[in-house]
Peer 1: 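I have a structure here, written as structure tokens, and I will follow up with some questions on it.
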2 protein chains.
Amino acid sequence: MSQTVDRALSILPLLAQGPADLGQVAERLGVHKSTALRLLRTLHEHGLVYRQQDQRYRLGARLFALAQEAVENLDVREIAHPHLVELNESCGHTVHLAVYEEQEVLYIDKVESRYPVRMYSRIGKPVAITVAAVAKLLLADLSEPERRAVAEKLDYPMYTSRSTPNAGAFLKELTVVREQGWATDLGGHEESINCVGAPVRGADGRVVAAMSVSAPNVVVTAEELLTLLPLVRRTADSISREYSGTTRPRKA
Amino acid sequence: MSQTVDRALSILPLLAQGPADLGQVAERLGVHKSTALRLLRTLHEHGLVYRQQDQRYRLGARLFALAQEAVENLDVREIAHPHLVELNESCGHTVHLAVYEEQEVLYIDKVESRYPVRMYSRIGKPVAITVAAVAKLLLADLSEPERRAVAEKLDYPMYTSRSTPNAGAFLKELTVVREQGWATDLGGHEESINCVGAPVRGADGRVVAAMSVSAPNVVVTAEELLTLLPLVRRTADSISREYSGTTRPRKA
DNA sequence: AATGGGTGTTGCGCACGATGCAACGACGAC
DNA sequence: GTCGTCGTTGCATCGTGCGCAACACCCATT
């Protein structure tokens, strides 16, 4: 570990609390003013700190730019995949990963069931948005007015007798999902198929993706599938941690 | 300027482009692996980089948190946001907010167009400084020598045939913008996209941010877009008023 | 199993670069 | 004008970051 860098980086959280002048920085670092000056200069050249008119330093907009660029290059799919495989290996069922984009929910990854009976779905295909567990999870994270706007615009096809019948029921379901932090689809899309899912969250807590485990009745009952819920949530949380770059891969 | 810190900080933009392993980092820094390792470790301890399961490095959660705080310190953004949304609701086009910092112009907020055809841009990304309407507005407010100094240092890429060709033309354009109090970009960055923008001023009259409305030719012509100018200016003025009112002159 | 190329990691001696000091310059207050 | 405060600069000294080389490890190949 490098002392110089260590000191320089310690300046950042310090400035996050508010602007500070050279003297304050030097004092709080426990170094000579000239040292603090050199460190600040270096940070300044990289745009991480900004010097305002009164000569005090504050965090620079470049930080924001960096973070923004990083999220854009972050690939949930790549990060999630090994976790999905692992989950599939321990329970054997089909695992899906989906994202919300432009008023649509899309599957972006899938690990096939190891049982002979498989459900039909396809990566890149829009999800049955009013009934799928992953869709509920993704929409539940939107703001209340957004949820309402989307819900009003949707069609509510009755795939089965247990499909979500209308906007009112859908919004109610979203509220439940939002509170409990997980979702199910019990025969809402195809009579004989059940799903249980959980959300993947980014560093800011917003839901960036959702995953689910699906299995047909002939393999496991809905009750049995629900016993997988803790496992599914743990997996989703692992992905969230890795996606958001949390240093401690420990408890939620 | 500190060499060690300089090297360490150079790693950040490198990782913003995507995950990289130790060897790649060392190579791109032009240092020995062991040196890169020590730097990465230090960054890691501060949570700025995260080590994923395949041992590659990425930007970490702490950086996102810092970026968040950095942007919260720019209180123009908070104040402006509702106004931008309102403007978007009344005209439907993409709305941007940008600031000037350290020889760069950065988008710090954006409200997406409600039309299906959208333009590409990204908050946090440096703006095409020689052509964008917001860039002209921000630079036009600098003092004459500052403007000249910046103009000389810039490159003038010809994104299109209507891009600003050189420093002379740019300075002339800045003078015009300065006098008229608004700016345009008519196909200067992308052939089919036009923008019209206006400045946000602080209590002392200085330009603290700039906003613009952008739309592609296929949706509205340049002439039609220009009819929005009064609306854009009114919005910018509203933001200026609110910002001047709430800005607390701690030590102006 | 044994081999070899590819990683990341460690210990070390040397020299370079970061450090603190002191002196200087620029402002503002009184 | 004189102080006091704050940022800045040049410099000698020493600490610390540096590259090297050897090591540990994984996995693919044979």
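Here is the naming used below: chain letters follow the sequence lines, and residue numbers restart at 1 for every chain.
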Peer 1: Nearest heavy atom decides the nucleotide; on that basis, is Leu37(A) or Met1(A) closer to the 5' end of DNA chain D?
Peer 2: Leu37(A)
Peer 1: Has the side chain of Lys33(B) got a donor or acceptor that lies under 3.5 Å from a partner of the other kind on the base of dG19(D)?
Peer 2: no
Peer 1: Starting at atom CD of Gln3(A), determine the distance to atom C1' of dT19(C), rounded to an integer number of angstrom.
Peer 2: 9 Å
Peer 1: When all nucleic acid strands are considered with a 4.0 Å heavy-atom cut-off, which category describes Arg41(B): base, sugar-phosphate, or nothing?
Peer 2: sugar-phosphate
Peer 1: Atom NE2 of His32(B) and atom C1' of dC14(C): how far apart are they, to the nearest Å?
Peer 2: 15 Å
Peer 1: Ignoring backbone atoms, test whether Arg38(A) places a side-chain nitrogen or oxygen under 4.0 Å from the OP1 or OP2 oxygen of dT19(C).
Peer 2: yes
Peer 1: Nearest whole angstrom, please: distance from the P of dG8(C) to the CG of Asp54(B).
Peer 2: 10 Å
Peer 1: Answer yes or no: is there an ion pair linking Glu101(B) with Arg58(A), defined by an N-O contact shorter than 4.0 Å?
Peer 2: yes
Peer 1: Just do the side chain to side chain contact (heavy atoms under 4.5 Å, CB included) check on Leu48(A) and Leu12(B) with the steps written out, would you?
Peer 2: CA-CA 10 Å; Leu48(A) 299 188; Leu12(B) 299 179; 4.1 Å; yes
Peer 1: Touch check for Val5(A), heavy atoms < 4.0 angstrom, all strands: base, sugar-phosphate only, or nothing?
Peer 2: nothing
Peer 1: So does Arg7(A) get a side-chain nitrogen or oxygen closer than 4.0 Å to the phosphate oxygens (OP1/OP2) of dA18(C)?
Peer 2: no
Peer 1: Between Thr4(A) and Arg51(A), which has a closest nucleotide on DNA chain D that is more 5'?
Peer 2: Arg51(A)
Peer 1: Just the rounded figure in Å: distance from P of dG17(C) to CG of Asp6(B).
Peer 2: 12 Å
Peer 1: What heavy-atom pair brings Val105(A) and Ala98(A) nearest, and what distance separates the two atoms?
Peer 2: CG1-CB, 4.0 Å
Peer 1: Rounding to an integer number of Å, can you tell me how far Glu27(B) CD sits from dT7(C) P?
Peer 2: 10 Å
Peer 1: Would you call Lys136(B)-Glu173(B) a salt bridge at under 4.0 Å N-O?
Peer 2: yes
Peer 1: Look at the side chain of Ser34(B) against the base of dC20(D) and say whether a donor-acceptor pair falls under 3.5 Å; ignore hydrogens and angles.
Peer 2: yes
Peer 1: Would you kindly give the CD-to-C1' distance between Gln24(B) and dT7(C), to the nearest whole Å?
Peer 2: 12 Å
Peer 1: Nearest whole Å is fine: how far is dG20(C) P from Leu29(A) CG?
Peer 2: 10 Å
Peer 1: Check the angle between the aromatic planes of His96(B) and Tyr107(B) and answer parallel, tilted or perpendicular using the 30° and 60° thresholds.
Peer 2: parallel
